[in-house]
Structure formats: structure tokens, C-alpha cells
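Just so you know, ligand 1 is whichever comes first in the structure, and atom 1 is the first atom listed for that ligand. Everything numeric in this text was worked out from a predicted model, so none of it was measured.
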Amino acid sequence: MRPMHHPMLPSDKDAVAGLSLTAGLTRRVWRFSRSYHPRVAGFLAIIVAEALLGLLPPLLIRQILDHSIPSKDRTQVSVLAAVMIGAAVLGAGLSLAERWLSAAIGEGLIFDLRSRLFDHVQRMPIAFFTRTQTGSLISRMNNDVIGAQRAVTQTLGSVVSNVVVLLTTLVAMSLLEWRLTLLALLLLPLFVIPAKRVGRRLAAITREGFDLNASMNTTMTERFNVSGALLVKLFGRHEDEQRGFTDRAGRVRDIGVRSAMYGRVFLTALTLVGAVGAAVIYLVGGHLVISGTISVGTLVALGVFVTQIYNPLTGLTNARVDLMSAFVSFDRVFEVLDAPNPIVDRPGAVELTDPRGEITLDDVWFEYSSGAEVSIASLESEAQHATSDRAGGPVLRGIDATIEPGQLIALVGPSGAGKTTLSQLLPRLYDVTTGAIRLDGHDIRDLTQTSLRAAFGVVSQDPHLFHDSVAANLRYARPNATDAELEAACRAARIHETVASMPDGYATVVGERGHRLSGGEKQRLAIARMLLRDPAVVILDEATSSLDSENEAAVQAALAEALHGRTAIVIAHRLSTITGADQILVLDEGRLVERGHHAELYAAGGLYADLYRTLVRGEASLT
Ligand SMILES: Nc1ncnc2c1ncn2[C@@H]1O[C@H](COP(=O)(O)OP(=O)(O)OP(=O)(O)O)[C@@H](O)[C@H]1O
Ligand SMILES: [Mg+2]
């Protein structure tokens with residue numbers, strides 16, 4: 001059957017390339033599951049014991065048929081039957097123990113993989129998140145993690161059990177009657193040859209299914225958050241969204257049917273071969289019994305054994321398939337765990353204590369790096385990945401500046417000049433490409449990230465709030481803040497009255513990303529949150545959109561309070577902030593083109609004078 005091709009999906013070639021990794025992967029999985037090895041050993045020992053126990057009943061039956069019954073030995077019949085019961089009870093106990101061990105191992109592995117993934121992913125630099133599709137990432141944490149644990153418990157267990165059952169049964173059979181055993185084995189190639197092919201196809205289908213699931217997840221996480229839902233509605237795209245989604249859901253359905261049919265056709269063929277095998281044993285064995293070569297008991301025991309070798313064979317061929325798809329999952333989980341993190345603490349990084357807030361920029365150049373360096377291709381969308389290696393060129397070009405503790409710096413410049421980018425370099429959301437940024441004389445790359453970030457309070461252009469109460473959102477900045485401290489911060493940020501008038505006050509839950517608040521309210525709440533952190537340096541990216549005249553005065557007052565006694569870098573769109581700044585830095589196309597006070601820059605009649613006149617016109621039209 002031809003696979004369906006789609007630009008977003010890995011081709012057959014990818015799937016097979018993934019499968020050829022299994023040798024290295026096996027070692028990796030082995031190392032990863034090291035702490036479970038004692039339990040795995042116990043689990044496997046139980047499986048072997050169960051397999052050996054399975055040999056007992058046919059041999060007991062043979063004994064009853066060939067010896068107890070002909071010699072009319074009633075005691076022996078009772079004893080043998082009792083042994084059968086004992087074996088069954090022991091088998092039941094072993095099966096419970098086996099299940100407990102496999103569940104403990106499997107769930108433990110899921111836990112390990114999940115917590116490692118979570119830890120690794122949340123430490124990734126911001127560039128990783130700007131490129132990654134959230135839904136795909138979540139899918140790795142759910143579906144693939146579960147797929148991976150199956151490799152270790154279900155699949156490994158069934159492989160071992162089947163191998164042991166197969167070998168011991170074959171040994172028992174050949175001891176009973178080697179010619180009939182050979183006969184049964186002649187049918188073996190009928191199992192093994194198609195199994196290989198089906199295994200490969202099924203693994204490819206599984207990978208395709210996981211990718212489609214991930215892409216559905218992405219659609220849901222993007223469309224079912226407030227901003228996404230708003231876009232869909234305002235642009236009336238329901239029909240198209242529905243079409244795109246059902247297209248993928250439909251392909252998941254088709255894949256499900258295909259893989260079910262692959263599995264079942266194969267299973268049916270095997271059952272058929274098994275039945276034929278048993279018939280052949282009885283055909284040939286029956287004649288041998290009539291001619292007196294073997295006993296009835298031996299034939300019956302062989303008849304039972306022969307079904308016991310075809311079952312594990314079926315299991316083994318399926319195990320191959322399961323193992324391959326489980327390894328696909330492991331592969332995908334490791335892919336995320338292996339993603340390199342370029343922003344890590346340097347060995348011997350120092351803790352910054354009592355920051356003063358003196359900042360120097362020393363010939364800072366910055367360029368957003370290409371996708372390959374910061375993300376995983378399979379977690380990006382195809383369109384994005386295609387453009388990922390196109391270099392964007394430098395966004396900041398040779399910035400030199402010194403900011404004294406306690407100064408208020410206004411960063412101004414046209415849209416796209418690099419203001420936000422520059423502000424993000426300070427707390428090391430990105431690393432400079434060349435040059436250096438120093439805080440209190442330390443290169444920020446020599447400081448621990450935790451202590452560096454503790455020195456900064458950032459209020460971004462579009463502040464984010466979690467879907468939680470106002471108080472919980474504020475305490476994100478300082479978990480042990482008292483109610484009084486929350487209120488003080490909110491009063492300073494001129495948002496206390498608003499919060500107090502909400503239905504549940506500070507316990508009011510703000511919707512996802514704060515969608516129950518106006519833009520200005522959200523920004524003031526973000527300022528309050530930042531104040532709770534009490535940072536040495538404040539970075540404020542004023543949002544032009546929240547500049548309505550009613551909020552203006554409140555935000556202005558909040559700012560004055562927030563910036564008092566701290567180094568402040570404000571990406572300013574408000575005249576009052578700009579004119580009151582100790583130093584104005586004018587950025588244009590990544591270059592620092594002008595710097596100084598309002599009066600001198602305005603008098604110089606350059607880019608700043610132009611920007612200023614535009615702002616004056618804008619504010620005049622507002623009032
Ligand atoms: N994550 C990113 N990856 C690649 N390029 C980016 C990224 N973020 C911003 N850029 C580019 O860097 C340049 C500077 O963007 P930046 O956001 O710093 O501008 P800005 O001065 O803050 O503009 P605005 O006033 O509109 O907020 C722009 O050309 C932008 O396209
Ligand atoms: Mg910006």
C-alpha cells in the first residue's frame with residue numbers, strides 16, 4: 001500500500017531512517033532506564049517462571065493419559081490433578097506480581113520522562129519558544145511519553161516471555177517426538193517473512209499518526225485560546241478552520257483503520273497457519289499412534305504444545321512492530337531532551353548580590369539566530385522551517401552606552417528599530433552575538449541567570465497573566481508576599497481601586513492571558529507585579545495601544561512611583577517620560593544614532609526632533 005504524502009509529514013524515508021537508529025537508541029534506552037534495572041530483572045524472572053510453568057499442564061495430561069489411566073491408578077490421577085490446580089494458583093500469583101512490576105516500571109518511566117522533559121523545555125531560551133508549536137510540544141509530553149514506556153514494559157515483557165515459551169516448548173516437543181517437531185517448524189518461514197515487512201509499514205504508519213495528532217494538538221491550542229478564538233471569529237474563518245481540522249482528523253481515522261487492518265490481516269493469517277500446523281500434527285501424529293510409534297498422551301501433549309509455539313510466534317512478530325513504534329516514541333522524546341540550550345550558566349558563574357544597576361553596553365551586535373541553532377525542526381511548522389536558515393542580518397549594530405545607577409533612560413526610535421530586542425538582551429533572554437553587556441561591572445554571561453534576572457523587573461509590551469486569581473498572579477513575583485504587600489504594590493501601580501471593585505477583589509480570576517482586563521489595567525497590574533519583585537533595574541516596554549487618555553494619567557502616576565530610586569530603561573511613547581529622562585537613546589535600524597537630553601537633541605534637529613514632533617501631533621489629537 002502506498003503511504004499518503006503530505007508536505008508536513010515525514011516520508012517513508014524518514015520513518016525508515018528513524019528505525020535504523022535502533023541500535024544506538026537501544027543503548028540509550030538501556031542507560032535511561034538504569035534505575036529500574038533491578039525491577040526489570042525481577043519482572044523478567046517472573047516471566048520466565050510463568051513460561052516454564054506453562055509447560056507443566058500438557059506433560060501432566062500426557063502422564064494421565066499414558067500412565068495413570070492405563071494402569072487404573074486413581075491416586076495418581078488425583079495427585080496429578082492437584083498438581084495442575086497448584087500450578088494454576090501459582091500462575092495466578094505470578095501474573096499479579098508481574099503486572100504490579102510492569103505497572104511500577106512503566107509509570108515510573110513516564111514520570112521520569114515527563115519531569116525531565118518539563119525541566120529541560122522550561123529552561124530552553126526564549127528563541128526556542130518563539131519557533132516551536134506548543135501543541136506539538138505538548139503531544140511529545142503526552143502521547144510519545146506513553147508510547148515510550150510501552151517499549152519497556154509491554155513489549156520487552158512479551159518479547160522475553162515469547163522467546164522463553166517458544167524455546168522451552170520446542171525443547172519439550174523435540175524430547176517427546178523430534179520428527180513431528182521438525183514438521184511443525186517447517187511452517188515457520190510463513191510467519192517470519194511477512195512479519196518483517198508488516199513491522200516496517202506499521203512503524204511508519206505509527207509515526208505518521210503521531211505527527212498528525214501533534215498537528216491537531218497545535219491547531220487546538222492555537223485556536224482555543226482567547227486571542228486565537230478572537231481571530232477566527234473576527235475573520236469569519238470557521239468553515240476553513242473546520243475543513244483544515246477535519247482533514248487531519250480524517251487522516252488520523254484512516255491511519256487508525258489502516259493500522260488496525262494491517263494488524264488483523266496478519267494476525268488472521270497467523271491463526272490460519274497455526275490451525276493448519278495443528279491439523280498437520282494430528283494428521284501425521286494420528287497415523288503414528290495407529291501404527292504404535294507414539295502414545296496417545298504424546299500426541300495430545302504435542303497438539304497442545306504446537307498451539308503454544310504459534311502463539312508466541314504471533315506475539316513475537318507483533319512485538320517487533322510494537323517495539324519499533326515504541327522506539328519511534330523514545331526517539332521523539334530524546335529529540336527534545338537533546339535540544340541544546342545555548343543560554344546556560346557558565347561554570348563558576350558568580351552570584352550577583354545587591355545589584356546597583358549600573359549597565360554598560362560595549363559594542364553590542366545582535367542577530368537573531370537561525371532555526372537550526374535554537375529549535376527542533378519537527379516541532380516547527382513546515383512553512384517556518386523552510387525559512388529558518390535565511391539569515392535575518394544584524395538587528396543591533398555596535399551599540400555603546402553607559403547607564404548610571406538610578407538613571408531614567410528613554411529608548412526611542414521608529415518601529416522595528418530594535419528597542420525591544422535591546423531590552424531583551426539585558427536579562428539575557430538572548431545572548432549578544434558580539435560585544436558585551438555589563439551589569440555592575442560583571443559581564444552578564446559571568447553571572448548566574450537566577451541572580452541576574454532577579455536584578456531586573458520587566459514589564460513587556462503585552463504583559464502576560466496566568467489564568468488564576470489576581471493575588472496568585474501578583475504572588476508569582478514574590479510567593480511569600482503578604483496581603484498588605486500586594487495591596488501596597490497595587491496602590492503604587494494605581495490599580496488597587498480597580499481590583500477592589502472586582503466581584504471577588506484580589507481573589508477574582510482573570511481569564512486566560514488577562515483577557516478580562518483592559519489593556520491599561522493589565523499593564524498596571526504587571527507594574528504592580530514587577531514592584532513586588534523590588535528590582536534594581538526596571539525595563540518597561542510601553543505599549544502604544546494602551547495609550548487612551550483616561551488611563552494615561554493613572555499609568556503615568558504608577559510609572560513615577562515604579563521608577564523612583566531604580567535604574568529604569570523605558571521604551572517610551574509618552575512625551576512626559578521622554579522629556580523627563582536623564583538620557584535619551586535614539587535607535588534607528590539597529591544603530592544608536594543620537595543620545596542626550598531632550599533639549600539638546602531637539603535643538604540638533606535630527607531623527608529625535610522628527611519623532612518628537614510626530615508624538616506631539618499624536619498627543620494633541622488625543623486630547
Ligand atoms: N524573534 C525574532 N526573530 C527574528 N527577528 C526578530 C525577532 N523579533 C524581532 N525581530 C526583528 O528584529 C527587528 C527589531 O525588532 P524589535 O522588536 O526590537 O523592534 P522595536 O524597536 O521594539 O519595534 P516596536 O516599536 O514596533 O516595538 C525587527 O526587524 C524585527 O522584525
Ligand atoms: Mg517593541
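- Shortest non-hydrogen contact noted between His573 and Leu615 is O-CD2, 3.4 Å.
- Contact annotation for Val395 and ligand 1: only side-chain heavy atoms (C-beta onward) come within less than 4.0 Å of the ligand.
- Taking Glu594 as the reference, Val586, Leu601, Leu607, Tyr608 meet the side-chain contact (heavy atoms from CB on, under 4.5 Å) condition, with sequence neighbours excluded.
- Between Tyr368 and Tyr430, the ring planes are perpendicular. Angles over 60° get that label, and only those under 30° would be called parallel.
- Inside a sphere of radius 2.8 Å centred on the Mg ion (ligand 2), the protein N/O/S atoms present are Thr420 OG1.
- With respect to atom 22 (O) of ligand 1, the closest heavy atom belonging to the protein is Thr420 OG1, 2.6 Å.
- For atom 15 (O) of ligand 1, the nearest non-hydrogen atom of the protein is Thr421 OG1, 3.6 Å.
- By the definition of a contact as any protein heavy atom under 4.0 Å away, atom 17 (O) of ligand 1 is in contact.
- What you find for Leu525 and Cys490 is that their closest heavy atoms are CD1-SG, 4.4 Å.
- Between Thr130 and ligand 1, not a single N/O pair is under 3.5 Å apart.
- Across all their heavy atoms, Thr433 and Glu367 have their closest contact at OG1-N, 2.8 Å.
- With sequence neighbours excluded, the residues satisfying side-chain hydrogen bond (donor to acceptor under 3.5 Å, both in side chains) with Thr218 are Ser136.
- For atom 2 (C) of ligand 1, the protein comes within 4.0 Å by at least one heavy atom.
- In terms of polar-atom proximity, Gln461 is counted as a contact of ligand 1, with an N or O under 3.5 Å from an N or O of the ligand.
- Considering only non-hydrogen protein atoms, atom 26 (O) of ligand 1 sits nearest to Ser415 OG, 2.6 Å.
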Listed pairs under 3.5 Å, donor-acceptor, residues 347-355 side chains, sequence neighbours left out:
none

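- Between Gly416 and ligand 1, at least one pair of N/O atoms sits closer than 3.5 Å.
- Between His598 and Tyr602, the angle of the ring planes stays under 30°, which puts this pair in the parallel group of the 30/60° scheme.
- Here the shortest heavy-atom pairing between Leu592 and Ala401 reads CD2-CB, 4.4 Å.
- Protein heavy atom nearest atom 11 (C) of ligand 1, with residue, atom name and distance: Tyr368 CE1, 3.9 Å.
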